[in-house]
Amino acid sequence: MAQTAIDIDIDEIIERYPGKPEYLIFLLQDIQAAFNYISSEALTLVCDHTGVPESQAYAVATFYNSFSLEPKGENLIHVCLGTACHLKGSGLIAENLMVNCLGACALAPVAVVNGEYQPKVTSPKLMKTVQKLGDE
Amino acid sequence: MLSLTIDGKKVEAEAGWTLLDTARQYGIEIPTLCYHEAVEPFGACRLCVVELRQGDNSRLVASCVYPAEEGLEVYTDSEKVNNVRRWILEMLLSECPASSEIKEMAAQYGVDTTRFEITDPEQECILCGLCVRACAQVVGANAISTVGRGAQKEIGSPYLTPGDDCVACGTCVTVCPTGAMSARFERVRGVPEVVMVRSVKG
Amino acid sequence: MQATAKDTAELRLGSLEELEKLRGELRAAEDPNQTRIIVCHGTGCIANGSAGVTEALKAALAAAGEDIEVMPGIKTTGCHGFCSRGPLVIIKPKNIFYQQVKPGDAEEIVQKTIKAGEMVERLLYEHPQTGEKIETTEDIPFYAGQERVVLANIGQIDPTKIEDALRAGAYAGAAKALTNMEPKEVIEAVINSGLRGRGGAGFPTGIKWNLAAKHEGGQKYVLCNADEGDPGAFMDRSVMEGDPHAVVEGMIIGGYAIGADTGYVYVRAEYPLAIKHLEKALEDAKALGLLGENILGSGFNFDIRINRGAGAFVCGEETALMRSVEGKVGEPVPRPPYPSDKGLFGKPSVLNNVETWANVSRILDKGADWFAGLGTEKSKGTKVFALVGKVNNVGLVEVPMGIKLRDIVMEIGGGVPGSDHFKAVQTGGPSGGCLPWEDAELPVDFDSLIAAGSMMGSGGMIVMDERDCMVDVAKYFLGFLEEESCGKCFPCRLGVPRLRETLKRFSKGEGTVQDIDDLYSMAEAIKAGSLCALGGTAPNAVLSTLRYFRDEYEAHILEHRCPAGVCKDLITYSIDPEACTGCRACARACPQDAITGEKKKPHSIDESLCIRCGMCMESCKFGAVQVQ
């Protein structure tokens, strides 16, 4: 689970890496992991540190799937849409729920709920899990 | 000097020239959209592709970036080359229906209509990236970039809101092959201090 | 002196002799004939609860006291490959193979097998045709047909312990190369082995190295492509999780060969366990002096850094990967210049796939001639495949190049459930193509696959049956590539979505035969015009399915029929009144309230409300919901 902004010192994160453009993605990854998103303030700090122009950092932050410029929800559910899972109906599961191949094809269809792998998942089972999370 | 053939004709190129440089030296026309002398070639629009043949092998390369080499057999107007150009232009007609420049270029290759659905009738931006590269390499302001990825890609300033990095020099409008940049200039730079006139292509 | 883990923690090896001395001591410290328990901790088995099995076995062993003869500690390993049968437990030295083990089985395994040497019959693999119970790994058809070179150590060693890797032979090849060979001799060995890249393109590895090596001096780099983005592929993940030192060693050899002092491993972020094991491997190798300055006293310095992917399939493309390591967007760049001349940070660079690097370690250890003795004339060695889909034995396999497709799917794979043949086998991921049953005798090697309209790719092998729709498969792959396109070049950014749109129309029963003919022309333009292989191979799925399954396409557009019963607009769901018990499970699951009926009486689906989501079929325990 991500800590709140109060717990993490963003300067500490920035100081982990040398101030060079090649560390842009490392920094964005660590910030994303710590705060669950990348704020505009954070992006500015990263640009100041690495020397990367803001437009280029913005291009990078919007190019890659794993970065979010807006805060994400608390519970993360990933449904594997890889081919093996697709053939076993995961597309329908994802559609019914509302991601990329997780590499665990023998368990198709696979869903990952808050980091825990759930093999051979079905829509009804997953719906129940979602409801439980919603009640918590 | 390097010796090669273009469309069956023997030509000479200096080391460091691209195939596009060489062709233009000999007055051979090759269409381009993402190429501009002021910035580094990008190889993105693929309209400038030419066919390289070697025995039974044939492949298409972007002439704006491919270096002239000794002994190359180059074709600028073959069926394979024109097939690529026609499909790109037909797709552009549906993607950027508001651009007269695209319509004109497409007509040159016999493409007057498009079978593809038009989702944004006002769109003129072809995503050639010339504006981005000019702003970075010529002006050094780095005010704009590509935003997003794939079919959703667009050009804009950070957070798609006007910012201070833009110095309103208008270079992006000058290099833009269509009217797209002049139309969206206000989105990049809050209040335009100079009235920008759309560049006229000769 | 017997070497223990504690000893290796304080050692720093200064020569090949010291390495081999340590290896000898480590081997002497473990009696291979002693009983020992191995539990698979590959991601698949972990998801199926193997960690709980390990805990239960530990407890059972502790409870059994000291009167049993077994090597202390349970060895947890990487993926054994037989993923569909996990959790897997292997008992050495006999290699007794227990499948689908639950924590509740631990007691019995310890008492019966460890203590008394007897089998727990219900945990044994049962031959699907003869019904015979098979006791050991080697006799199981899934394993019997394989040739494990890259995967040799996976499942035998604890991937987090360098001592295990050393016992298995790790770094023998690198030590030989650094101590007894010149860089150009190393390149020659790789050329002579015939190794071709395992990432998909199959370019001769040694020749690629030569192109970078010819630049005299200056900064150079080697890179490992561990981005493994093909849906359905997990070969590289398993190697990194199960035997990371194989990759580290390979890169040391490659760095030495071309003159690079730094290597980068680019791993997709979705592989946290692989990253963790790789980091541990680097740490341990460094501590022993197998990485870093003056490796084994050779004077060669080499270090490896890890970059994590940020969620972009296109970064599996060579030049896009390098841009990403540079901190930029993952947009490929035109070649020439080739990375061997101007690659990472503008320096001569060699990028190879995980499996390629692992093969390099083996080649320098056992020799180029040994490797060239495996496989076929133009495709030497073996290939790891992730065999998935409609096949009985889903898992990871390694086979010699040239093996027949039928042997992989029907013998090793155990055949297609409920059928005596497959409809199609897809290889090469989204860039590849489908091979029909008519091609069952096809030798699986680089050139044969290309001639048949597909490609080797990185190793994903997806088996399909009559319930899979080839139009849907092509549409799926195009949808994937549309999502992942970087958007730089026009043929791909504009063309792939339009190809997908066309497939979508076909799947709805719309379109004409003329559309199919036009598709060939458009596909040709996208193939020939695209900047990189993502766009360049995007049309392959359509072209290969059209080549072998044109009648299926025509059924969709001319008869408005999806023979496989998949395409939503062309199918209807209905309830078989004979099978329906009226339990109302489906009615409760239906998001549209489209199912009605009296309690305990057969129900029916209102077609006008049905959105074909399939939830009714999933909830029915009686198989009463049917698709037409």
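So you know, we letter chains A, B, ... as the sequences are listed, proteins then strands, and number each from 1. The figures that follow rest on heavy atoms only: side chains count, while hydrogens, waters and symmetry mates do not.
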Novice: Non-hydrogen atoms of chain C under 4.5 Å away: do they reach the side chain of B/K153, the backbone, both or neither?
Specialist: side chain

Novice: Taking the six-membered ring of C/Y271 (Phe, Tyr or Trp), confirm whether the NZ or CZ of C/R268 is under 6.0 Å from its centre and within 45° of its axis.
Specialist: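 Yes, a cation-pi geometry holds between C/R268 and C/Y271.
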
Novice: Need one label for B/S145: side chain, backbone, both or neither, based on atoms under 4.5 Å from any heavy atom in chain C.
Specialist: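 Neither part.
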
Novice: Sort B/R85 into side chain, backbone, both or neither according to what part of it lies under 4.5 angstrom from a heavy atom of chain C.
Specialist: neither

Novice: Please look at C/P334 and chain B and tell me whether the side chain, the backbone, both or neither of the residue comes under 4.5 angstrom of a heavy atom of that chain.
Specialist: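 Only the side chain of C/P334 comes within 4.5 Å of chain B.
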
Novice: Going by heavy atoms in the side chains, are B/L2 and B/W17 under 4.5 Å from each other?
Specialist: no

Novice: Given that the side chain runs from C-beta out, which part of C/T502 has a heavy atom under 4.5 Å from chain B: side chain, backbone, both or neither?
Specialist: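 Neither part, no heavy atoms under 4.5 Å.
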
Novice: Would you say C/K508 and C/K568 make side-chain contact, with heavy atoms under 4.5 Å?
Specialist: no

Novice: Cation-pi check for B/F42 against C/K488: NZ or CZ below 6.0 Å from the six-membered ring centre and within 45 degrees of the axis, yes or no?
Specialist: yes

Novice: Using non-hydrogen atoms only, which part of B/A151 is less than 4.5 Å away from chain C: side chain, backbone, both, or neither?
Specialist: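 B/A151 touches chain C through backbone and side-chain heavy atoms alike.
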
Novice: Counting only non-hydrogen atoms closer than 4.5 Å, does B/R86 touch chain C with its backbone (N, CA, C, O), its side chain (CB onward), both, or neither?
Specialist: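 It is neither, since no heavy atom gets under 4.5 Å.
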
Novice: If you count heavy-atom pairs within less than 4.5 Å of chain C, which of B/V81, B/V49, B/I88 leads?
Specialist: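 Winner by heavy-atom pair count: B/I88.
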
Novice: Return yes when atom NZ of B/K103 has more than 12 non-hydrogen atoms of other residues, nucleotides or ligands closer than 6.0 Å, and no otherwise.
Specialist: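 Count over threshold, so yes.
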
Novice: Count the heavy-atom pairs under 4.5 Å between each of B/N83, B/L92, B/L47, B/T146 and chain C, then report the option with the highest count.
Specialist: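 If we count pairs closer than 4.5 Å to chain C, B/N83 comes out on top.
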
Novice: Any salt bridge linking C/D341 with C/K214? Criterion: basic side-chain nitrogen under 4.0 Å from a carboxylate oxygen.
Specialist: yes

